[in-house]
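Just below is one structure, and these are the notes that go with it.
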Amino acid sequence: MERCKLVIEPIKLKVGRGTAYVLVASLVLLATVPLSSAEETGNSTVKAGTISSFDPMNLFKYRPWNAVNYIGFTHVGLVRYDEHLNILPCLAKDWKISDDGRSITFDLVEDARWHDGKPVTADDVKFTFEYNKEHDLSIAYLYKKYYDRVEVNSDHTATLYATEPIGATLLTSLQSAYIIPKHIWENVADPEKYDGKDGMVGCGPFVFQRYDPVAAEAEFGANPDFFLGKPSVDAVNYKYYRTMDSMLLALEKGDIDTTLDYYMPVPGVYAATLADAKDVSLGSVPDVGVLLNLEFGYTQFLKMMNESQFKKLREAVSYAVDYQEIVDMISAGYGEVPSRGYVPPTAIGHNPDIPKLEHNLTKANQILDDLGFLDTNKDGVRNLPDGSELSFSVTPPTWKQDNVRATEVICNQLSDAGMDAHVDKEVMGNEDLCEQRIFKDRDYYICIYYSTPYSILYDGGGVNCANMTGSDGTCSDPKLIGLVEDVRYSKTLEARSKAVKALQEYYSDELPMIALEWASVLFPYRTDRFGNWTIQDGYGNMNMNTWFSLEEEA
Amino acid sequence: MIGILLFRKFLRYIITFLAMIALIFFISHLMPGSPLKNILGEETYFRMLSQNPETLEELNKEYGLNRPLVEQFIIYLTALLNADLGYSYKYRQPISELILFRLKWTLLLLLPSTVLGAMLGAFFGALTGWNHRSGLDSIFTSWLLFVYSMPHYWLAMLFVLVFAFHLNLFPLSGICSAGSQGFQRLVDILVHMALPVSVLTSLNVSYNYLIMRGSVVQIMGEGFVLTARAKGLMERDVLFRHVLRNAMLPLVTVIALDFGFMVSGALLVEIVFSWGGMGTLVYDAVMARDYPLLHGSFLVIACCVLAANFIADVLYVVLDPRLRAGETT
């Protein structure tokens with residue numbers, strides 16, 4: 001008997017032509033709609049991109065640094081920097097540091113007005129400092145530690161008193177102490193929750209116009225009444241991008257003219273692509289911090305060897321490190337081999353005569369041999385005189401990927417000189433333990449860390465290596481502590497410069513920490529719509545000067 | 001009968017929801033790192049950790065982070081009962097406002113891509129399942145398997161590079177351009193939606209297609225298909241009136257289950273397109289250890305998943321007469 005056979009007839013796919021036409025027509029229609037606001041805003045509007053979110057738009061909502069990006073448009077401090085970070089007058093046209101270094105008297109410009117038309121007075125200055133202290137706003141961190149009081153001498157003269165004689169250090173940190181209007185904020189008890197529309201009123205070069213939370217874009221119009229003159233551009237549109245990739249694509253495509261983020265340079269890995277892009281300049285400038293350093297843990301090493309041996313070991317480590325490899329790997333070659341003096345060339349008091357660090361494995365081996373740290377059991381690792389191995393861990397801050405990568409490379413480089421340096425496995429994957437090791441217990445042998453611009457500005461990096469109040473280092477040498485105090489408590493800029501030079505001499509002789517690279521930082525911008533950008537050391541075009549130097553391209 | 005069945009399911013979802021509240025709370029607190037790092041900024045936080053641990057302790061007290069976890073949980077539950085999701089550490093805004101704002105933009109991506117993905121996937125899956133081993137089947141299956149195997153973010157980046165950057169047909173990122181209003185705004189949003197919706201739809205189509213195709217192939221050998229044919233029905237009627245209805249059951253489950261995963265799947269797409277939706281909100285909350293925001297976001301996602309599952313259960317009852325008759329649970 002023949003079995004019933006299942007025969008399936010194919011069904012023809014009949015997608016109507018009409019459907020296809022509708023799809024194509026929709027795509028064409030969508031594609032013809034203007035893609036950005038470039039057409040609306042005109043040529044004298046600078047379009048800037050950021051990867052730091054700023055939703056909602058309010059002076060104190062975001063802290064501490066995201067807010068600096070846009071506060072810098074609307075607000076100014078008493079002083080500002082030029083492109084090489086020299087102090088220039090701003091809201092204060094003149095100042096005088098007292099002989100004892102504990103106070104600075106500021107003469108304010110007399111024609112400064114808030115965006116709502118009211119005059120800026122010394123009362124606003126006093127109010128700003130007191131308000132910041134009262135509300136513990138982190139943006140005031142740089143000076144609040146030493147802030148004592150402000151006395152108003154007249155409508156346009158105020159004296160700022162510090163608790164310690166730190167006149168020069170205080171002055172250099174005031175650039176980011178943005179002055180706020182007393183008549184608005186004196187009635188606001190909780191600034192971080194304040195949503196008033198006048199929350200963005202400042203006396204800076206741009207006036208806040210609007211914020212579009214859906215488009216994640218804000219617009220600032222030039223302030224024609226700005227006391228230093230009207231900016232050379234009509235407006236700045238400031239747009240948020242979720243990732244560095246999408247922001248840089250927008251830059252290459254011409255959707256934005258520049259990236260604009262406070263101390264958030266574009267990583268070197270993007271340099272090659274950007275360098276090939278049409279009408280894009282890399283905006284490479286020397287860094288003001290130290291991107292990567294190597295900090296010795298005195299406590300742990302001094303348990304392993306004596307003071308004199310440890311000093312020679314530090315010397316050997318400095319020769320074992322291949323600095324150029326670090327520069328190439330972390331910054332794609334955009335940087336330079338640092339000097340033994342640690343402090344980067346952008347800092348006040350940098351001494352260019354201090355010799356550069358040197359990668360010399362022969363010298364490293366020679367020093368270790370002379371110390372008697374020999375590989376007695378021929379296992380590839382040197383032994384200490386007591387027979388134990390010259391073995392130690394290297395701790396990176398686990399939340400910094402570049403530091404973790406650099407740590408692995410450093411371990412390999414030190415191994416080449418017979419040291420068993422290994423990544424600190426205990427802290428990997430345990431951020432809490434890592435924080436505790438680096439900042440509380442400080443029981444690391446070597447830490448691959450960094451110095452922020454603040455660390456350099458504050459005390460020439462002493463904050464990273466000295467074991468003293470206000471620092472989290474491990475070196476308790478009284479000489480170092482004295483030198484760091486000299487920098488912190490310098491009364492004048494000249495005295496500060498001298499103190500920084502002396503500190504560099506110490507760094508060079510003793511090597512309590514080693515700069516692994518002096519990086520160049522990239523703040524790319526387009527050159528087809530605007531020219532004559534002012535690119536500030538360390539911060540790129542994120543500075544007030546650029547709004548006055550920009551020239552529209554024909 | 002149906003009412004009892006659905007009520008039992010509903011009760012089960014309530015218990016699941018309560019368990020999820022606890023899980024979300026305790027698991028998020030197991031993450032290493034302190035929210036204060038983000039609140040204060042890295043540099044200030046580390047300086048305080050090193051120099052002024054007592055100030056950090058005060059801040060921990062201020063944010064209630066020093067209390068025992070169980071106590072924090074009770075406070076959280078009490079606030080939840082008062083419909084208070086809390087205040088975001090990072091955004092300094094009430095969480096309910098934040099989530100409502102972000103959720104609508106995520107749904108704007110997810111709903112069209114889910115609906116389109118389900119319809120196209122079901123249609124083509126059924127068609128090629130019915131005509132399996134045909135040329136059409138080979139082409140569709142190979143292509144959609146290829147799409148299915150691509151990571152979300154990679155496909156998104158490919159779309160951005162090709163259609164937005166090189167061909168300049170669409171915007172690179174964002175939800176809309178600043179300054180647009182009214183109808184212009186609507187069109188602008190549609191233009192910005194085109195690429196992310198296309199990416200999500202492509203991925204949904206590929207997934208649903210494979211499920212549907214497999215389901216149809218499996219059902220084709222069933223007796224009721226033979227009966228339908230024996231009745232002299234046209235092939236198209238057999239497929240769309242008999243086979244498709246039965247093959248839909250696994251797809252309904254998959255779409256419902258997928259709803260929750262789509263929020264996480266959309267996360268990467270949202271990041272690539274700088275789309276300010278729920279995905280990026282959750283990501284930011286995790287990075288900032290913003291516990292209240294994390295709890296609120298996951299709670300909303302959990303609600304969406306449970307609701308989708310409940311709807312799937314209802315649809316199951318509608319689609320499957322055996323359930324209505326109480327044959328299975």
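Each chain gets a letter, A, B and so on, in the order the sequences are listed, and its residues count up from 1. The basis for the numbers below is simple: all heavy atoms, side chains too, and nothing from hydrogens, waters or symmetry mates. Bear in mind the structure is a predicted one, so any value in this text is a computation, not a measurement.
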Tell me, for [X] versus chain A, whether the close heavy atoms (under 4.5 Å) come from the side chain, the backbone, both or neither.
{"X": "B:F273", "answer": "neither"}
{"X": "B:W275", "answer": "neither"}
{"X": "B:S134", "answer": "neither"}
{"X": "B:V160", "answer": "side chain"}

All salt bridge (Lys or Arg N to Asp or Glu O under 4.0 Å) counterparts of [X], not counting sequence neighbours:
{"X": "A:E252", "answer": "none"}
{"X": "A:D261", "answer": "none"}
{"X": "B:D290", "answer": "none"}

B:M157, B:R185, B:H166: which one forms the most heavy-atom pairs within less than 4.5 Å of chain A?
B:R185
Step through it carefully: locate the ring centre of A:W399, locate the ring centre of B:F46, and say whether they are under 6.0 Å apart.
yes
Are A:Y238 and A:F208 near enough that their ring centres are under 6.0 Å apart?
no
If you round to the nearest 0.5 Å, how far is [atom2] of [Y] from [atom1] of [X]?
{"X": "B:I189", "Y": "B:L108", "atom1": "CD1", "atom2": "CG", "answer": "7.0 Å"}
{"X": "B:H242", "Y": "B:I219", "atom1": "NE2", "atom2": "CD1", "answer": "12.5 Å"}
{"X": "B:T201", "Y": "B:L109", "atom1": "OG1", "atom2": "CG", "answer": "9.5 Å"}

Which residues, numbered in order, of residues 240-247 of chain A come under 4.5 angstrom of chain B by heavy-atom distance?
A:Y241, A:R242, A:T243, A:S246
What residue in [options] has the most heavy-atom pairs under 4.5 Å with chain B?
{"options": "A:D432, A:L433, A:T469, A:V463", "value": "A:D432"}
{"options": "A:Q436, A:R442, A:K239", "value": "A:R442"}
{"options": "A:S471, A:A216, A:G429, A:S455", "value": "A:S471"}

Per-residue contact mode, A:A250 against chain B (heavy atom under 4.5 angstrom)
both
Is there a side-chain hydrogen bond (donor to acceptor under 3.5 Å, both in side chains) between B:Y45 and A:E435 once you walk through the steps?
CA-CA 10 Å; B:Y45 172 77; A:E435 286 175 9; 3.0 Å; yes
For B:I175 versus B:H192, what's the shortest heavy-atom pair and its separation?
O-CB, 3.1 Å
